[in-house]
Amino acid sequence: MAFSEQRLRDDSGTGRNCLAFALLTDRWIAFSRARPDQSLMDRLAHLNPAQRDAVLTLSGPLLILAGAGTGKTRVITHRIAELIRGGIEPDRILSVTFTNKAAKEMLERTQALLGSGRRQKKPLISTFHSYCVRVLRQEIEALGYPKTFTIYDRGDQESAARKALRDVKIAETSLSPGDLLAVISRWKMTGITPQLSGRNCENDKEVLASSAYRKYQNNLRACGAVDFDDLLLLTNQLFDEFPEVLDRQQQRFDHVQIDEYQDTNGAQFELVEALVRKHQNLCVVGDDDQSIYGWRGAEVSHILNFQQHFKGAKVIRLEDNYRCTARILELANKLVKKNRDRHDKTLRAYRELGSSVRFRQFEDEQVEAENVIREIAFLIEKKGVAPQDICILFRTNEQPRIFESELRRQKIRYVIMGSQSFFDKREIRDILAYLKVLDNPRDETSLLRIINVPARGIGDTTVETLLKRAVRMGCSLFDAVPSALAEKEITPRAAEAIARFRRLLDDFRAQLQARPGDLPNIVSQLLETIDYASEIQKQYANEDMQMIRTEIMDQMVDSLRTYTAQAEEPSLSGYLEEALLVGREEDSDKDQKLNQDAVRLMTIHSAKGLEFKRVYLVGMEEGLLPHKRSVEADTATAIAEERRLTYVAITRAQDHLMLTWAAARKKWGKKKLSIPSRFLREMLGDELPEANPSAGGSDH
DNA sequence: AAGGAGGGTTTTTTT
DNA sequence: AACCCTCCTT
């Protein structure tokens, strides 16, 4: 297959320049030398012609087994573009990615590949969850749910789980809300309904969880709310019970493509299988060695058994790693080979040997952070390294704190990625709760969160009385007020406070309905009216803190502005959907520019699919990596997943990699000696270095 | 009803 | 150390 000029276009967004390169062949070669991996992959020259044809144009089931750093995202992006060039209508292609960010990037790259033509239609590139929301928004009423439903995020789920546990009223609650949610999620992903869950419980914990599950689900339904798992389950249920709905969805797409297939769970598999049942035009891409979401129900068996699930499937292997230096890759290979139950493959390094991977032990987590950050400061200031080429990887969300304060002390710009911290802040959760109640009056969980925030004279006793009555009468909390007042269960004063609150909500709801495009102003007016600012003043004594928290409120209104400006048809539900599914959506342009030259901090999980010139993998200790919970689970699969996690972390590094651990680490205020991770030994044998506290500067 | 003090619990990873 | 819950005082 000869390359047309079009195909030579860069898919990183700078289409014009690359076209010029294509015309000036010698310049192109100069360009290739500078960045051989990138340009080769852009042309897909690393594939042999047969692979290239298959990958780009083959119909029917196709499995692309692509190791880390083999350019799989590029390959499937090219595939979408190629299908479109081959005459498939763009909107008849569905491509599922793991995160919304990845989806956005893929769409941009596809459009860059296709050139800025006069194309109106776009391929549908989204996550499973976003796709399901789209379907449900159209069809959910068939299942007896209200047309407007609220999506519960992690925080809402926790509140709902806590309530369910309270309702079940077991004296010794041996089950935390988090544990309950984990059990429920596992049940949901394996198709166990609340009714079924009672049947074969293996222990007391599960019996308890089973009745809490029933309460939890009933409560969600009464609130007109769905959790993340429900989005998938309800869509599957729709497809099962309403053939015409499934038919409509099947008709919509000629080609379906799934990225990160190793991380699909049971419900997702079911969904995909149903969608492609008729034409079997399914292309999946993945790497079993990078399966790190087992705890969320992901099953590697889906990728291992793809050929059994889809008869006549073709398999293409991509085993040339263009990302890492040979030394880094060798280390990664050595580690992952310790796992059983995997497609045996060895990635070949395309790149040079590179500098040595460094291993360092430090006295404690403080010294670890100081040294790593000192080195980073040195690299940025003295060596001219770009901050955004540096990434610090962690196992848990608690680890970055100490690095964060070091970075701030050294005045290095940094950005903590992926952590949902923005929407986790109390103020944001409060405001979101207001928005949810405005959007969906039945959402009791959110209503209870804000009914007396800021304090407006509606106390706990009043709320509890009304709740009981509302359950008895089968009505809403508000509708229980008159009779409660009549029977003197609540004070007139409280009743008046509630009536005032109800009027407030109704008023703003009406405003939103009348002028949905005015969303930011209405919300900002709402914040004025309820005087949330003084709530913050009360909450925090420290003035700096008050400033910061007030700023958060402004950011919230900003994010509403950004949304309203870019949405085709702005609406409150649209905003909520984005906020909950996309997470911290679209930093403002200003932020994005600032972030461009910042050191990145993130968990290994959120680093999936990314790459960095320099990676610091910190906290290589037993109990952290592998995590304590996995060690305690004491199953080979749990440890194997931690090993894959380490593998993912290592293969994020392009040029330089350093692994560090602390000889002692503070936990819950107490210092404890720690043991170097078993994975270090697996990679190094007995060459494990002993204490090596001074590692400032660089040694390349 | 509100606010503060004190005590207990907590942290794996995320759409 | 940060958060939530409960209890106590006003």
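Every chain is numbered from 1, with letters handed out A, B, ... down the list of sequences.
- Within the nucleic acid shown, A/N452 comes within 4.0 Å of sugar-phosphate atoms alone, with no base atom in reach, counting heavy atoms only.
- Rounded to whole Å, the distance from CG on A/L136 to P on B/dT15 is 19 Å.
- With the nearest nucleotide of DNA chain B identified for both A/T491 and A/E398, A/T491 has the one nearer the 5' end.
- For A/N100, the side-chain atoms get nearest to B/dT15 when compared with the rest of B/dT14, B/dT15, B/dA1.
- Nearer the 5' end of DNA chain B, as judged by each residue's closest nucleotide, is the contact made by A/S630, out of A/S630 and A/Q157.
- Residue A/N397 has a polar side-chain atom (N or O) positioned under 4.0 Å from OP1 or OP2 of B/dT13.
- Checked against C/dC5, B/dT15, B/dT14, the side chain of A/Y293 finds its nearest nucleotide in B/dT14.
- In this structure, of C/dA2, B/dT13, B/dA1, it is B/dA1 that holds the atom nearest to the side chain of A/T461.
- As rounded to whole Å, 13 Å separates atom P of C/dC3 from atom CG of A/D430.
- For the residue pair A/C391 and A/M602, the shortest heavy atom distance occurs at SG-CE, 4.0 Å.
- Remark: A/S606 is not in phosphate contact with B/dT13, judged by side-chain N or O atoms under 4.0 Å from OP1 or OP2.
- Residue A/A455 has its side chain nearest to B/dA2 when only B/dT15, B/dT14, B/dA2 are considered.
- For A/H129, counting side-chain heavy atoms from C-beta on, the closest listed nucleotide (B/dT15, C/dA2, B/dT11) is B/dT15.
- Residue A/T603 has its side chain nearest to B/dT13 when only B/dT15, C/dA2, B/dT13 are considered.
- OP1 or OP2 of B/dA1 sits under 4.0 Å from a side-chain N or O of A/T462.
- The shortest distance between the side-chain N/O atoms of A/R162 and the OP1/OP2 oxygens of C/dC5 is below 4.0 Å.
- Of the listed nucleotides (B/dT14, B/dT13, B/dA1), B/dT14 has the atom at the smallest distance from the side chain of A/R296.
- The residue A/F98 sits close only to the backbone: its heavy atoms come under 4.0 Å of sugar-phosphate atoms, none of a base.
- A straight line from CZ of A/R401 to P of B/dT10 spans 17 Å, rounded to a whole angstrom.
- Below 30°, between 30° and 60°, or above 60°: for A/F394 and A/F403 the angle between ring planes is above 60°, a perpendicular geometry.
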Step by step, would you call A/Y213 with A/W187 a ring pair (Phe, Tyr, Trp, His ring centres under 6.0 Å)?
-> CA-CA 9 Å; A/Y213 180 18; A/W187 276 334; 5.6 Å; yes

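- Classified by interplanar angle (parallel below 30°, tilted 30° to 60°, perpendicular above 60°), the ring pair A/H605/A/Y293 is perpendicular.
- Taking only side-chain nitrogens and oxygens, A/T99 never comes nearer than 4.0 Å to OP1 or OP2 of B/dT14.
- Under a 3.5 Å cut-off, the side chain of A/T646 and the backbone N or O of A/E642 do form a donor-acceptor pair.
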